[in-house]
Asks: 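Input: one structure, supplied below.
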Amino acid sequence: MKLLAQAQARLPEVGLTEKVARNAWNAAAGTRARVATALRTMASGIERCMYCSESLGTAIDHFEPLRLAPHRVFDWYNHLLACSFCNSHAKGGTFPQDTATGEPLIIDPTADEPAHHLRLSLTSGEYHCLTPRGCATIDVFQLNRGPLRKGRLDAVGQCLDTLAGCAALLAADDTAGAQKRMLRLRRQPLADVLQELRRIADRPSAAVVLGDEAAIEALRALYGQPVAKPVFIPQQTSRHQSDCRSCKFASAEG
């Protein structure tokens with residue numbers, strides 16, 4: 001983005017501090033507005049937070065905090081749309097890193113494939129971590145807090161109900177009507193639920209697990225088969241289960 005490059009060029013080449021970077025960011029109102037507009041068009045649902053997928057994205061988050069990387073203040077690839085909870089209350093300046101490599105331990109939803117690190121249970125509404133990065137992401141953003149889990153379970157029901165309606169429309173050769181309903185699904189909060197449904201829809205056991213064969217057939221028909229490329233999912237180890245703070249958080253909430 002040209003505006004970002006221009007703003008970056010105005011920064012001092014040496015001695016750039018967090019304070020200087022933050023002041024420059026706060027002064028660049030026009031640039032911030034353009035970045036926010038671009039991010040809103042990229043977000044799932046209707047302008048949803050790129051971390052939790054539930055709440056409205058209201059802030060631009062610097063994925064790598066300015067205290068660690070003031071030089072990335074105007075880096076397009078360091079900007080994410082976030083809700084106030086994820087941006088200020090949960091993440092804030094927290095940025096866990098691998099002690100050996102310095103690589104971030106939280107998932108960048110614009111650059112990483114979350115399915116490599118997290119698994120969403122459609123029967124409990126909880127995320128389970130598959131890697132240390134998955135564990136850290138669940139912990140930092142509190143992805144298994146009660147309201148999110150309950151919201152995901154409601155979203156599963158809403159998705160299946162809508163897909164069952166789509167099946168009836170497809171049976172009546174009303175593909176346009178079915179696609180219109182699917183568009184509404186893609187715009188709803190918690191789009192990660194629909195993505196998980198898409199990911200498992202090509203499995204033979206999907207209809208048995210979800211209890212709605214018509215809904216799964218509609219999903220397959222509307223997205224085509226297979227709906228998702230095979231993804232290597234590492235086994236969840238005891239290390240990522242018993243020692244993970246997010247698992248303890250979910251268990252404590254019941």
Side-chain angles (χ1 to χ4, degrees), residues 40-57 107 109-131 134 137-138 143-236 250:
R40 284 195 290 267
T41 65
M42 296 169 58
S44 64
I46 298 180
E47 302 180 9
R48 295 291 135 181
C49 173
M50 292 179 171
Y51 292 120
C52 72
S53 189
E54 181 206 36
S55 301
L56 188 68
I107 297 168
T110 66
D112 301 315
E113 173 51 69
H116 291 168
H117 307 282
L118 299 167
R119 179 182 296 141
L120 175 59
S121 168
L122 296 177
T123 56
S124 69
E126 294 180 8
Y127 269 108
H128 299 286
C129 49
L130 304 169
T131 68
T137 301
I138 294 173
L143 294 183
N144 283 339
R145 61 186 186 272
L148 281 181
R149 290 157 51 208
K150 293 172 184 176
R152 292 184 193 115
L153 290 177
D154 286 344
V156 171
Q158 291 165 2
C159 284
L160 292 177
D161 288 346
T162 298
L163 286 166
C166 288
L169 291 171
L170 290 172
D173 292 327
D174 186 359
T175 303
Q179 291 175 338
K180 189 174 181 179
R181 288 196 177 200
M182 283 301 299
L183 180 60
R184 290 201 294 266
L185 269 189
R186 290 194 292 270
R187 289 176 174 170
Q188 72 176 13
L190 299 169
D192 49 346
V193 170
L194 182 59
Q195 290 301 316
E196 181 64 14
L197 282 169
R198 289 184 62 189
R199 194 179 71 82
I200 69 171
D202 56 336
R203 297 178 183 174
S205 60
V208 175
V209 172
L210 297 172
D212 198 324
E213 185 172 351
I216 296 302
E217 287 301 322
L219 189 62
R220 291 169 177 163
L222 288 165
Y223 280 109
Q225 287 185 284
V227 297
K229 296 180 180 178
V231 174
F232 170 72
I233 300 294
Q235 292 294 318
Q236 184 171 348

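Residue numbers count from 1 along this sequence. Values reported hereafter were calculated over all heavy atoms of this structure, with side chains retained and with hydrogens, waters and symmetry mates removed. Given the structure is predicted, the values throughout are model-derived calculations rather than measurements.
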Asks: Check the pair Asp154, Leu190 against side chain to side chain contact (heavy atoms under 4.5 Å, CB included), reporting the backbone distance first and the verdict last.
Replies: CA-CA 10 Å; Asp154 286 344; Leu190 299 169; over 6 Å; no
Asks: Quick check: closest heavy atoms across Gly125 and Arg152, and the distance to 0.1 Å?
Replies: O-NH1, 2.7 Å
Asks: For a 4.5 angstrom cut-off between non-hydrogen side-chain atoms, does Leu130 reach His116?
Replies: no
Asks: Could you tell me if the side chain of Tyr127 sits less than 4.5 Å from the side chain of Asp192, heavy atoms only?
Replies: yes
Asks: Look up atom OG in Ser44 and atom CZ in Arg186, then write down how far apart they are to the nearest 0.5 Å.
Replies: 12.5 Å
Asks: Verify side chain to side chain contact (heavy atoms under 4.5 Å, CB included) between Leu163 and Arg220, making sure each step is shown before the conclusion.
Replies: CA-CA 10 Å; Leu163 286 166; Arg220 291 169 177 163; over 6 Å; no
Asks: Checking Ser53 side chain against Ala191 main chain: does a donor-acceptor pair fall under 3.5 Å?
Replies: yes
Asks: Taking the side chain as C-beta and beyond, is there a heavy-atom pair between Leu122 and Glu196 under 4.5 Å?
Replies: yes
Asks: Measure the spacing between CG of Leu183 and CZ of Arg181 and express it to the nearest 0.5 Å.
Replies: 13.0 Å
Asks: Could you grab the distance from atom CZ of Arg149 to atom CG of Leu143, nearest 0.5 Å is fine?
Replies: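 CG of Leu143 is found 12.0 Å from CZ of Arg149.
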Asks: A side-chain contact here means heavy atoms from C-beta on lying under 4.5 Å apart; do His117 and Ile138 qualify?
Replies: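 Of all side-chain heavy-atom pairs linking Ile138 with His117, none is under 4.5 Å.
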Asks: Does Arg40 form a side chain to side chain contact (heavy atoms under 4.5 Å, CB included) with Ile46? I'd like the steps, not just the answer.
Replies: CA-CA 8 Å; Arg40 284 195 290 267; Ile46 298 180; over 6 Å; no
Asks: Could you give me the CA-CA distance, side-chain angles and deciding distance for His128 and Leu118, then say whether side chain to side chain contact (heavy atoms under 4.5 Å, CB included) is met?
Replies: CA-CA 6 Å; His128 299 286; Leu118 299 167; over 6 Å; no
Asks: Give the minimum heavy-atom separation between Ile216 and Ala201, together with the two atoms involved.
Replies: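 In this case the closest contact between Ile216 and Ala201 is CG2-O, 3.7 Å.
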Asks: Quick one, Arg184 and Arg187 - any side-chain contact, counting heavy atoms below 4.5 Å?
Replies: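 No - every pair of side-chain heavy atoms lies 4.5 Å or more apart.
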Asks: Mind checking the OG1-CD1 spacing from Thr131 to Ile107? Nearest 0.5 Å is all I need.
Replies: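 Answer rounded to 0.5 Å: 6.0 Å.
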Asks: Could you give the distance from CG (Leu194) to OH (Tyr223), rounded to the nearest 0.5 Å?
Replies: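 Separation between the atoms: 4.5 Å.
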Asks: What heavy-atom pair brings Cys129 and Gly134 nearest, and what distance separates the two atoms?
Replies: CB-C, 3.5 Å
Asks: Which atom pair, heavy atoms only, marks the closest approach of Met182 to Cys166?
Replies: CG-SG, 4.1 Å
Asks: Can you name the closest pair of heavy atoms from Gln179 and Leu222 and give their distance?
Replies: CG-CD2, 4.0 Å
Asks: Identify the heavy atoms of Ala215 and Leu160 that sit nearest to each other, and give their distance.
Replies: CB-O, 3.7 Å
Asks: Rounded at 0.5 Å granularity, tell me how far CG in Leu148 sits from CG in Leu153.
Replies: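 Between Leu148 CG and Leu153 CG, I get 11.0 Å after rounding to 0.5 Å.
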